[in-house]
2 protein chains.
Amino acid sequence: MESNRKTNNINHSVSVDCVVFGFDGFSLKVLLVQRDLRDNLDNGDDTLVLPGDLIYIDEDLEDAASRVLLDLTGIDNLFLEQIGAFGSLNRLAKDRDKVWLDLVRPIPESRVITIGYFALVNIKNYTIRPAGFAKHVIWEDFNEVGELGFDHNHILRTAIIKLRNKLYHEPVGFKLLPKYFPLNHLYTLYNTILNSKLDRRNFLRRILKTGFLKETDNFQEGVPHKPARLYKFIEKEFENDNNHKFKFY
Amino acid sequence: MESNRKTNNINHSVSVDCVVFGFDGFSLKVLLVQRDLRDNLDNGDDTLVLPGDLIYIDEDLEDAASRVLLDLTGIDNLFLEQIGAFGSLNRLAKDRDKVWLDLVRPIPESRVITIGYFALVNIKNYTIRPAGFAKHVIWEDFNEVGELGFDHNHILRTAIIKLRNKLYHEPVGFKLLPKYFPLNHLYTLYNTILNSKLDRRNFLRRILKTGFLKETDNFQEGVPHKPARLYKFIEKEFENDNNHKFKFY
DNA sequence: TTTTCAAAGTGTATATTTTACACTAAGTTT
DNA sequence: AAACTTAGTGTAAAATATACACTTTGAAAA
């Protein structure tokens, strides 16, 4: 359901943008929306942007990020974590972006500072549905992301660095996988995100030793080879303060 | 020199706040300013705040942080790093803070999102000088910081976590020390900031093995015991991407 | 000048962790 | 039944982390 607030409830100085990462078993994906330019411009690659919009004047930042994500993509109830604020004076200065701002913003020339948010999801748990100014919503392969609108490539670069750091120090890989998964999916995920070729046996030993995984009695089905045992993630307290001692790889 | 821009150049929705950490050889310090309440309130502990203020409409965020720091404390030319955005709806809602906002802000009731910045300095390199709305500027012992104005305790907590993480993974301890320093000062610094009692010999071996320190032919002077050899920090490339491999302790 | 004090400076043995490395097992398809 | 594909498993060597205490040196006090 879209919000039906009015223009004068908008904070014209502050927006939020969301980087939602997903993993399909092979590559890392990012959720992008294609702006509806209503024929004011040819559709080109650069009309892809991160889901985001201005906040309301009485709206918490994180609530705004959730609301915008829901309004544009249909994704609800996501745990979002802040990346940081992006406020360059020229972040809205590209010609194509100006065309779009003129079209949809009450004060298109307003200087806007955006707060970036970031989430990890299991793609299969979410069905995306374009709405609002989003003509299409897609899971774009991270390595094939071209030039995005505004400063969104910059925000995305900041997000991937954060993701990599998190992967090393916190048990977050599981968030990108289904509840039950074979260890090799986790292994592929690490290699993909970290651009590495970790030693498989050493990886499996170490990831099991963390104590965050529990083997189940379920096995893969429908695969044309020996089915692997499925594991699940064990929720247990994670002392963020001891980050440095905890190398997940 | 203070900026002489006018009220209508102010962005009433966005401010910056700076957490400047220093180290005096014994304890970690934070730069705080005491607001000048001009007798509208008794002076109490809670009138201490982080140096910060609204940004100008055409001002880069980091430039704003530098400018505000200079205007309030006289500290110039500091490398500032962003902590994040703080935007709770009630962050300006304390009674004492409202009194102050009424006194100094053109639109005191405006909802303001602040961007936190963070810096590490060698206290001795900077002379502080209160100006602007700062009645006093002090280096407060980190462990003795009481209730600050606004959400500044929250910003400070976020900053100390960032500092601890940086200390583990990046060569930043040196920024808090003079150019030439004895190894025990570095050792004390780590123990102080990390609340730990590291093994001294192991610490010295490890910190030297990083290759970021170079011994000099200078020694401490004026100490009532055997003077220690002074070391200096060697600038060399630090691959932020390899953070996880680099444990400084 | 001798003694005392305070911090500087230094090494080793043991435990733990990391790394490199390759074959057999099991289920599916042909 | 053979071929294919991924699952699943152990060990030895190297590197790193840890625990631990005495001697040296200069300044200050007696």
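Both backbone and side-chain heavy atoms feed into the values below; hydrogens, waters and symmetry mates do not. Just so it is clear: chains get the letters A, B, ... in the order the sequence lines come, proteins before strands, and each one is counted from 1.
Regarding F203(B), its CZ atom lies at a distance of 15 Å from the C1' atom of dG9(C), rounded to whole Å. Atoms CD (Q220(A)) and P (dT28(C)) sit 11 Å apart, rounded to a whole Å. Summarising the geometry, the separation between CZ on F219(A) and C1' on dT28(C) is reported as 16 Å, rounded to the nearest angstrom. L186(B) has its CG atom 13 Å from the P atom of dA8(C), to the nearest Å.
Taking the centre of each ring, F248(A) and H169(A) stay at or above the 6.0 Å mark.
With a 6.0 Å cutoff to the six-membered ring centre and a 45° limit on the axis angle, R164(B) does not count as a cation-pi contact of Y190(B).
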Per-nucleotide protein contact along nucleotides 17-25 of chain C, 5' to 3', at a 4.0 Å heavy-atom cut-off (B base, S sugar-phosphate only, - neither), is --BBBB---
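The shortest side-chain heavy-atom distance between L28(A) and N143(A) does not fall under the 4.5 Å cut-off. Residues F21(A) and I160(A) form a side-chain contact, since some pair of their non-hydrogen atoms from C-beta on lies under 4.5 Å apart.
Atom NZ of K197(A) sits in a sparse spot, with 12 or fewer heavy atoms from other residues, nucleotides or ligands closer than 6.0 Å. Counting non-hydrogen atoms of other residues, nucleotides and ligands closer than 6.0 Å to CZ of F219(B) gives a total above 12.
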Side-chain polar contacts of residues 203-212 of chain B - donor-acceptor pairs under 3.5 angstrom, sequence neighbours left out - could you list them?
unit_1: R205(B); atom_1: NH2; unit_2: N202(B); atom_2: OD1; d: 3.4
unit_1: R206(B); atom_1: NH2; unit_2: Y249(B); atom_2: O; d: 3.2
unit_1: T210(B); atom_1: OG1; unit_2: I207(B); atom_2: O; d: 2.6
unit_1: T210(B); atom_1: OG1; unit_2: F212(B); atom_2: N; d: 3.3

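Taking a heavy-atom distance under 4.0 Å as the criterion, the stretch of DNA chain D touched by chain A extends 5' to 3' from dT5(D) to dT11(D).
Between the OG1 atom in T127(B) and the CG atom in D76(B) there is a gap of 10.5 Å [rounded to 0.5 Å].
Comparing L204(A) and P224(A) by the nucleotide of DNA chain D that holds the closest heavy atom to each, the one mapping nearer the 5' end is P224(A).
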